[in-house]
Amino acid sequence: MASNIHESRPYEQYLLTLMLLLVSALLVYTQAAKRLDLLAYDTAINITPAPIEQDTVIIAIDEKSLNSIGQWPWRRAIHAQLIDKLSQYNTALIALDILFSERSSNHPEDDIALAAAIKNNGNVLLPLHLQPLTYGGTLVEILPFPQLVDAARGMGHVHVDLDQDGLARGLYLNSGVGDAHWPSLSMAMASEINPMIQYIRMVEFSNSPYMSVNTQYRLIPFAGPGGTFPTYSYLEVM
């Protein structure tokens, strides 16, 4: 009797190992483990959100502003006026999260006004974007047109990857084509506001100068849901 029990153990161990392998394969195939990680992160963020920076505000292009100023896109002279208005209040830093990659064909004088407002303020950061020339094709860096680049204090990429459920929970601190030489716009803002915030740019090159390189992925320490930060209508500020 004891001999039969002893002989059955290798078979039970083999069956248990096979079951564990099947369960592991199922978790990988269905990405169930990844979903559990996302759920755990969402729960942790909701329980202990990051502290709110009281000196950060959002100026929103909302429905009220669109109804009053007009349909999008607006003339760039309007954005120049906004920057001039913020300059009067000695704002520490402005991230103008609108990509002006081409000059205005109808109002070139507006481009001159916008570049002048950015240069006069001296504390404006602008975004850039990595995108393929064609679907699935060669990636290129889309920057603001040269006069704005020269006028701005700095630039940062605004590329954010989405998780499998369509939500954004993290970003790469550095990205670029050929090598990761652009900081994220948020990291560029943080390091400009507080020189004590230092980050190491991990130099990593791709095998091709036309491929994107992303380094230092970080989860976003959310401070709360939408509306957590003070938000003002574009029209109200104007």
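In this text the structure is predicted, and so the values were computed from the model without any measurement.
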### Query
For V158, what are the other residues in its hydrophobic cluster, where any two members join if their side-chain heavy atoms are less than 4.5 angstrom apart?
L93, L125, L185, M189, I193
### Query
How would you list, by chain and number, every residue that makes a side chain to side chain donor-acceptor pair (under 3.5 Å) with D150, sequence neighbours excluded?
none
### Message
Listing request: all side-chain hydrogen bond (donor to acceptor under 3.5 Å, both in side chains) pairs with a residue in residues 219-238, at least two apart in sequence or in separate chains.
### Response
D62-S233, K64-E236, S65-S233, H79-Y234
### Message
Which residues pass the side chain to side chain donor-acceptor pair (under 3.5 Å) test with E141, not counting sequence neighbours?
### Response
H181, W182
### Query
Can you list every pair that meets salt bridge (Lys or Arg N to Asp or Glu O under 4.0 Å) and has a residue in residues 104-124, with sequence neighbours left out?
R75-E109, R75-D110, R76-D111
### Query
Can you tell if the side chain of L171 reaches within under 4.5 Å of the side chain of L219, non-hydrogen atoms only?
no
### Query
Of the non-hydrogen atoms in P144 and L148, which two are nearest, and what is the gap between them?
CB-CB, 4.0 Å
### Query
OG of S175 to NE2 of H157: how many Å apart, nearest 0.5 Å?
3.5 Å
#### Entry: Partner set under ring-ring contact (aromatic ring centres under 6.0 Å, His included) for Y217, not counting sequence neighbours
Y172
### All side-chain contact (heavy atoms from CB on, under 4.5 Å) counterparts of T43, not counting sequence neighbours
L39, I47
#### Entry: Side chain to side chain, V149 and M155, heavy atoms closer than 4.5 Å
yes
### R218: partners by salt bridge (charged side-chain N to carboxylate O under 4.0 Å, His left out), with sequence neighbours left out
none
### Task
Output the distance between atom CD (Q131) and atom NE2 (H159), rounded to the nearest 0.5 Å.
11.5 Å
### Summary
Here the pair of heavy atoms bringing T215 nearest to A180 is OG1-CB, 3.8 Å
### Pairwise side-chain contact, I94 with L82, heavy-atom cut-off 4.5 Å (strictly under)
no
#### Entry: With A113 via side-chain contact (heavy atoms from CB on, under 4.5 Å) - residues at least two apart
A80
### Message
Please determine whether residues I98 and V237 belong to a single hydrophobic cluster, defined as Ile, Leu, Val, Met, Phe, Trp and Tyr linked transitively by side-chain heavy-atom distances below 4.5 Å.
### Response
yes
### Message
Can you confirm whether N120 sits close enough to I118 that some side-chain heavy atom of one is under 4.5 Å from a side-chain heavy atom of the other?
### Response
no
### Summary
Heavy-atom closest pair (A50 atom, P221 atom, distance to 0.1 Å) is CB-O, 3.2 Å
### Task
Taking the side chain as every heavy atom from C-beta outward, state whether L130 and V177 have any atom pair closer than 4.5 Å.
yes
### Task
Work out which heavy atom in A223 is nearest to a heavy atom in I52; give both atom names and the distance.
CB-CG1, 4.1 Å
#### Entry: Residue pairs fulfilling side-chain hydrogen bond (donor to acceptor under 3.5 Å, both in side chains) with at least one residue in residues 80-94, sequence neighbours excluded
S87-N121
### Query
Cluster question for you: counting only ILVMFWY and a side-chain heavy-atom cut-off of under 4.5 Å, with indirect links fine, are L162 and L167 together?
no
### Pairs involving residues 38-48, ordered by first then second residue, that meet salt bridge (Lys or Arg N to Asp or Glu O under 4.0 Å) (sequence neighbours left out)
D42-R169
### Worked verdict on I112 versus L114 for side-chain contact (heavy atoms from CB on, under 4.5 Å)
CA-CA 6 Å; I112 297 174; L114 180 58; over 6 Å; no
### Message
Walk me through whether L66 and I61 qualify under side-chain contact (heavy atoms from CB on, under 4.5 Å).
### Response
CA-CA 7 Å; L66 291 170; I61 300 173; 4.1 Å; yes
### Query
Taking only residues two or more places apart in sequence, or in another chain, which ones meet E192 in a salt bridge (charged side-chain N to carboxylate O under 4.0 Å, His left out)?
R153
### Query
What's the shortest heavy-atom distance between G178 and V213, and which atoms?
O-CG2, 3.7 Å
### Query
If we only count heavy atoms from C-beta on, is the L126 to F100 side-chain gap below 4.5 Å?
no
### Message
Quick check for you: to the nearest 0.5 Å, what is the distance between N174 atom CG and S184 atom OG?
### Response
7.5 Å
### Query
How long is the gap from OG on S68 to CG on L235, to the nearest 0.5 Å?
4.5 Å
### Task
Report yes or no: do W72 and L96 belong to one cluster of Ile/Leu/Val/Met/Phe/Trp/Tyr joined by side chain heavy-atom distances under 4.5 Å?
yes
